[in-house]
Structure formats: C-alpha cells, structure tokens
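Take a look at the structure below.
The structure presented is a predicted model; accordingly, all values stated were derived computationally and were not measured. For ligands, and for the atoms within them, numbers begin at 1 and follow the listed sequence.
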Amino acid sequence: MDNRPIGIFDSGLGGLTVLSEIIKNSPNESVVYFGDCGRTPYGNKSKDTVIKYAFQDIRFLLNQDIKSIVIACNTVSAYSLSYVKKEFNSIHILEVIGPGSKAAVEATKNKKIGVIGTNATISSGVYENAIRELDNSTEVYSKACPLFVPLVEEGWWNNEITYRTAQEYLLSLKEKEIDTLVLGCTHYPLIKDTIQKVVGENVKLVSSATEISKMINKIILDDNLTRDEKIQPVYRYYTTDSVEKFEELGSKILGHSIFSVEKVDIEKY
Ligand code: DGL
C-alpha cells in the first residue's frame, strides 16, 4: 500500500483527459496535476527546450511527495523519455506512446493506421517505430496537426473553425483508407467528436489518454501501490498561467468544478 499521490503533468490542460480516465479507472488514487499552461504549446518547440521543460516539470512534481509520474503529454514522451528516465531513475515514470500504439495495433483490421499529433511527436517518428515494432506489416500514415492544441486550450471544441481545421488536416488521411486513428496528443480527445465527424464513423479513434489510464491501474495493482480505500482521494492542481482560466476550462474538461488551483513559478525548478 502507498497512500502518496500520483503526479501527472502536461504542457497544459490536455493531460486532464488522462486524469479524467484515471478518476474512472482508479477512483481511490490521489493526484497532483501540473499543467504548464504558461509555456504551452510544447509541440512547436525544439527538442532541447522540451527536455529542459520536462526536467523542470518533473522536479516540481518530485517536490510534492508523489509515488509515480505520468507524462500525460505525447510531445514530452516523444522528445525526452530516454533523458528523463536516465535523470530521474528512482521513480516509476509512465508515458502515453507505448499503450496508444499497442491499442491501435489491436484495433486495426486492415492494418492501415493513421497517427495525428503535434509537430514534435510526428517528426520524431515515435508512433511509427512503436507500431511497426509491434507489427511491421502495418502501414502507418502520420499527420501533424499543430493548430489543434491552441484551439483546445481556447475552449473551441465544437465550432466551425475547429471543424474546418480538422478537414484541412485529416482529409488526406481519410483518403489512405485508414480504419484506425491514434489521437497522439492528450488534447485531442476533447475534439474527438469533430475528428470523428471528419474521418467518418468507420474509423476507430484510439486515445492515448484512455490507454495509459488502464495501464496505470494495472501497475498500481500489480506493484501493490494502491491507496487505503478508507481515505478520501485528494486532487491538487498547479498551473504556470492564469488560475481562473485553468479552473474554468479544467472544470469543463473534468465535468465537475475544480477550485484552489495554485500558480507555480516553474523557473525555480
Ligand atoms: N498534450 C500535449 C501532447 O500530448 C500537447 C503538446 C503541446 O503542448 O503542443 O502532445
């Protein structure tokens, strides 16, 4: 048994889609969530910058007495996983790309998988490599969708501009006759209805957020890290930008009101 919280971080609010799944799958767990909204998006930054940000974000979470870390950001996983695992080797670090790739390979029938993500995630080729390692007869078609993150952070989940943007990005993938599409960015589940409308009902959407939460639940059980069920779980939220904006959009994402978000000066870490 381990009553300490799980630490989760993302470049902004997208990682709350992972938290939302964790609340469903592991309702006894306490969580410390850190969203680097002041420096989002990470997906257009250089690899060095993303690694620097990831180290700072993890140092902040390690200060919160957590039992494990979830990188709820594909961009951070794509650019910095090997570096952070080497630097912070005394704590269990989980990421989103492995579970998302596995779920896509299991879901596809015609072995044509689409992957969408930030510029960083797509240019790193991590999903293609992970999927081909699992099944090298699979065709993988990738597309960077850099405007999706700002649209999501703006709260524009279902409007005409988001729909048009999705058409612009996704119609070429649809032409490849993919039957599975990996939402390779934790922000994207928030616009999944728009994405589904564009690619059509026959394409199965795989969310890296859902897949990682299933894995977390399994690891917590297997490693005997569960919390005492008699103690109420506690959720703490930290941001590097406006607390009010985090509370407003965060409440919308989680489907319940969140209060007492605290602002962090991440440059101290
Ligand atoms: N949620 C992050 C991801 O999964 C968004 C990255 C960004 O900030 O551009 O990649």
Side-chain angles (χ1 to χ4, degrees), residues 7-22 33-58 61 69-81 84 93-101 103-104 114-128 130 142-157 162 165 169 181-192 195 205-213 215-216 237-241 245-246 249-250 252-254 266:
I8 304 182
F9 75 99
D10 178 41
S11 62
L13 295 157
L16 290 174
T17 61
V18 177
L19 174 59
S20 172
E21 296 291 331
I22 291 177
Y33 183 92
F34 172 78
D36 195 3
C37 302
R39 303 191 294 193
T40 200
Y42 282 10
N44 299 333
K45 307 271 187 323
S46 70
K47 186 170 177 174
D48 285 353
T49 301
V50 173
I51 293 171
K52 177 186 152 196
Y53 288 178
F55 276 33
Q56 289 178 314
D57 302 349
I58 291 173
L61 282 176
I69 289 183
V70 179
I71 304 177
C73 179
N74 291 259
T75 303
V76 169
S77 304
Y79 268 174
S80 71
L81 188 64
V84 299
I93 297 181
L94 297 155
E95 58 85 40
V96 276
I97 288 161
S101 304
V115 178
I116 53 175
T118 63
N119 280 327
T121 301
I122 298 305
S123 68
S124 73
V126 277
Y127 269 106
E128 277 168 49
S142 305
K143 181 85 186 168
C145 306
L147 293 176
F148 280 172
V149 169
L151 288 169
V152 167
E153 294 272 332
E154 200 52 45
W156 289 12
W157 301 347
T162 306
T165 310
Y169 284 140
L181 179 63
V182 180
L183 306 182
C185 172
T186 52
H187 283 70
Y188 298 177
L190 296 166
I191 52 167
K192 71 175 183 332
I195 292 172
L205 303 186
V206 171
S207 155
S208 52
T210 311
E211 299 311 320
I212 180 71
S213 74
M215 182 179 254
I216 292 163
Y237 302 93
Y238 296 90
T239 181
T240 50
D241 197 33
K245 187 174 173 199
F246 190 106
L249 266 182
K252 199 173 152 195
I253 294 170
L254 293 172
I266 197 65

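- Note that CG of L13 and CZ of F246 are 5.5 Å apart. Values are rounded to the nearest 0.5 Å.
- At a 4.0 Å heavy-atom cut-off, the residues surrounding ligand 1 are D10, S11, T40, P41, Y42, G43, C73, N74, T75, T118, V149, C185, T186, H187, listed by chain and number.
- By the 30° and 60° cut-offs, the orientation of the rings of Y169 relative to F148 is perpendicular.
- With rounding to the nearest 0.5 angstrom, the CD atom of Q56 is 11.0 Å from the CZ atom of F9.
- Two rings, from Y79 and Y42, have their centers 6.0 Å or more apart.
- Separation of atoms CD (E21) and OG1 (T186) is listed at 12.0 Å; rounding is to 0.5 Å.
- No side-chain heavy atom of K192 sits less than 4.5 Å from a side-chain heavy atom of S207.
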